[in-house]
Amino acid sequence: MTTLRARIRASIVGVAAGAVALFALPLGYALAAGYDSEAVIALQRDAARVAATVSDSFGTDGSTVELPPDLPASVTVGVYRVDGVRLAHGGPQRSPVAAAAADAHLHHAIEDGQLAVVAPVPSDGGVTLAVRAAEPYRIVQWRTVRAWGLMAASGLLVVGLAALLARRQAARIARPLQELTASARALGDGDFTIRAAPSDLEEADAAGRALEATARRLGAVLDRERAFSADVSHQLRTPLTALLLALESALGDPRTDRDRLRAAARSALRRAEQLHETVEELFDLARDTHVSAEPLDVAGLLTGVRERWHGEFAARGRRLDLPDPAPLPPVHASNAAVRQILDVLLTNALRHGAGTTTVAVADLAAGVSVEVGDEGPGFSGDPERAFARRVGGIGLALARSLAEAEGGRLVVRRAAPRPVFSLLLASAEPSRTDSPGPGPS
C-alpha cells in the first residue's frame, strides 16, 4: 500500500517533470530550427558577398575570385556553373544544390554532410554561375545538442528542486495526519486528555480540534456514566433493602397468619413492580434511549406521583399535597427523567422532612418550575452541599445529573426552615428565553 508521503512526492515530481517536458520539447524543436535558420542566413550572407565579386564571364576571360579575408575557417566557398560543375575554390566536384541556382534564387540543402547554400551570380544575359558556401552540418548539430544539454540540465535541476520540495511538503502534510492517527489510537485506548499539536494546515487543525472535542465529550460521557452507575446503584439499594426487610419481617414473625402473609406478598409484589419500572427507566436514561421530543405531560406526571407516593406518606402519618396544575407552556423533557427526579425529592422529604410535603408547578417567564417542599427544619450552610454525595445523599446528586441531562436545573430555593427544592425546565416555545429561570434565592 502506497503511503501518503510517497503519493505526494510522486504527484509533485510528476507534475514538475510533465511541466518541464511540455515546456522543453517545443523549445528544443524551436532551438534546433533557430540554429539551422541562423546557419543558413550566415552562409547566404557569405555566398552573396562572394557572388557580388564574381564576373559573369568568369571561367572564360581568365579572371580570378578573391575570397573575403573574414570568412570563418569552417566555411568552404566554391564557384560553380549552373550545371553543378565546380570551376574554382573548394567544394565537391559536382553539386546538385549549385545546379538549382539556375532559377536565380537562393537555395540551401544538406549535401555530403555539409549545410550548403548557393547564391546566383548577377548577370544581364541570364544566370550562368553560382557561388556555393558550406560548412560541416555537425557544427550546427553540435550547437543544437549543446543547447539541448543545457536545457536538460536545467530541467533536471528543476525536477530535483521539485523532488526536494515534494519531500518537504509530504513530510509537512503527513506529520499532522500521523499525529492525528496517534491521537485517535490513544483515544481508542481510553486516553481522553489527547491534544493535537497545531500545524500550518487548516484542515488538519480542524480535524484535530474535532478530535479533541470528541475526546472531551467522550470523557465527560464516561464520567457521567460512571457517576450515574454509582448513583443508580445507591438509588436502587434502598427500596430493595426495604423490600427484603418487609419480607423477612413477615416470614419471621410467628404471629403472621395466611392473610397477613398474603398481604405482605402483595405489598412486596407492588414494590417489586415499582422497582422493576425504576430499573427500566434508569437503564433507558443511561442508554439515552428515552424520547423527549413530545411535550412533558405535567398533569399525567403528577397523577402518577400521587398514586405512587400517597400511601407512603399516609403510612408515616404525613400528608402529600399535589394540587392540579394550571395550563402550562410546552416543555420538552423526558417523563421518566422528571419522574425519577421527583421520586428522589419526595424520598428525601419523607426521610428527612416533616409535616406536609407540597409539590407545586408554576409557569415562569423562561419555562416551568416544579417545586417540592416540606415543613421540616431544613439544613444550614451552603445549599450546594445538599447535592454532594457525602452530605445530601447520592440520590440528590443523581437527580441533579438527570435534570442537567434534560437541559434543566435542580436548585435549592430555600434551605431552612421549610426547605424547598426547585426543578427548572426550559420552555420549548421559540418566543421564550432559553434560560430555565432564576437560581436559588
Side-chain angles (χ1 to χ4, degrees), residues 1-43 72 74 108-110 113-115 135-223:
M1 182 180 295
T2 306
T3 63
L4 177 61
R5 290 193 180 193
R7 289 190 178 187
I8 294 176
R9 289 197 298 265
S11 298
I12 295 179
V13 173
V15 170
V20 169
L22 290 175
F23 176 76
L25 291 178
L27 181 60
Y29 177 80
L31 283 175
Y35 280 123
D36 284 353
S37 178
E38 181 182 353
V40 169
I41 292 174
L43 290 174
S74 60
H108 70 276
I110 305 298
Q114 291 189 326
L115 176 61
E135 70 174 348
Y137 190 58
R138 66 176 182 275
I139 296 178
V140 180
Q141 291 178 317
W142 167 246
R143 294 172 186 167
T144 302
V145 170
R146 183 177 59 185
W148 284 356
L150 291 175
M151 288 176 56
S154 300
L156 290 176
L157 178 61
V158 170
V159 173
L161 293 176
L164 293 176
L165 176 63
R167 183 175 181 180
R168 181 176 179 273
Q169 288 296 101
R172 174 174 171 265
I173 295 174
R175 186 179 300 111
L177 299 181
Q178 291 173 342
E179 293 175 352
L180 287 176
T181 301
S183 298
R185 289 175 179 169
L187 178 60
D189 293 336
D191 182 7
F192 302 109
T193 61
I194 59 172
R195 293 294 181 269
S199 64
D200 295 333
L201 299 177
E202 181 179 354
E203 293 80 2
D205 289 343
R209 290 191 295 269
L211 189 62
E212 288 181 16
T214 301
R216 287 194 296 269
R217 286 195 298 268
L218 289 177
V221 168
L222 184 60
D223 290 341

Colleague: How close do Q114 and P136 get, heavy atom to heavy atom, and via which atoms?
Modeller: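 The pair with the smallest heavy-atom distance is CG-CA, 4.0 Å.
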Colleague: Which value, rounded to the nearest 0.5 Å, describes the distance between Q141 atom CD and I110 atom CD1?
Modeller: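 Taking CD in Q141 and CD1 in I110, the distance rounds to 7.5 Å.
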Colleague: Looking only at heavy atoms, what is the nearest atom pair of L211 and A184, with distance?
Modeller: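 What the structure gives for the nearest pair is CD2-N, 3.9 Å.
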Colleague: Can you name the salt bridge (charged side-chain N to carboxylate O under 4.0 Å, His left out) partners of R146, sequence neighbours left out?
Modeller: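 Expected list: none.
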Colleague: Find the distance between CD (E135) and CG (L43) and round it off to the nearest 0.5 Å.
Modeller: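 One gets 5.0 Å once the value is rounded to the nearest 0.5 Å.
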Colleague: Which pair of heavy atoms, one from T144 and one from A32, lies closest together, and at what distance?
Modeller: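 The pair with the smallest heavy-atom distance is CG2-CB, 3.6 Å.
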Colleague: Under 6.0 Å from the CZ atom of R216, do we count more than 12 heavy atoms belonging to anything else shown?
Modeller: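 Above 12, so yes.
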Colleague: For I12 and A162, work out which heavy atoms get closest and say how close.
Modeller: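 What the structure gives for the nearest pair is CG2-O, 3.8 Å.
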Colleague: Return the CZ to CG distance between R9 and L165, rounded to the nearest 0.5 Å.
Modeller: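 Nearest 0.5 Å value for the CZ-CG distance: 12.5 Å.
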Colleague: Output the distance between atom OG1 (T193) and atom CD (E212), rounded to the nearest 0.5 Å.
Modeller: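 Spacing of OG1 (T193) from CD (E212) equals 10.5 Å.
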Colleague: What are the two closest non-hydrogen atoms of A147 and L31, and how far apart are they?
Modeller: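 Heavy atoms only, the tightest pair is CB-CD1, 4.0 Å.
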Colleague: Are M151 and L27 packed together at the side-chain level, in the sense that at least one heavy-atom pair is separated by less than 4.5 angstrom?
Modeller: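 A side-chain contact exists here, since the closest heavy-atom pair is under 4.5 Å.
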Colleague: So, taking the atom named OG in S74 and the one named CZ in R138, what distance separates them when rounded to the nearest 0.5 Å?
Modeller: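 It is 9.5 Å, given to the nearest 0.5 Å.
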Colleague: For residues D36 and Y137, determine if any side-chain heavy atom of one lies less than 4.5 Å from a side-chain heavy atom of the other.
Modeller: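 Yes - at least one pair of side-chain heavy atoms lies under 4.5 Å apart.
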Colleague: Could you tell me which non-hydrogen atom of G155 sits nearest to which non-hydrogen atom of V20, and how far apart they are?
Modeller: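 Smallest interatomic distance, heavy atoms only, reads CA-CG1, 3.6 Å.
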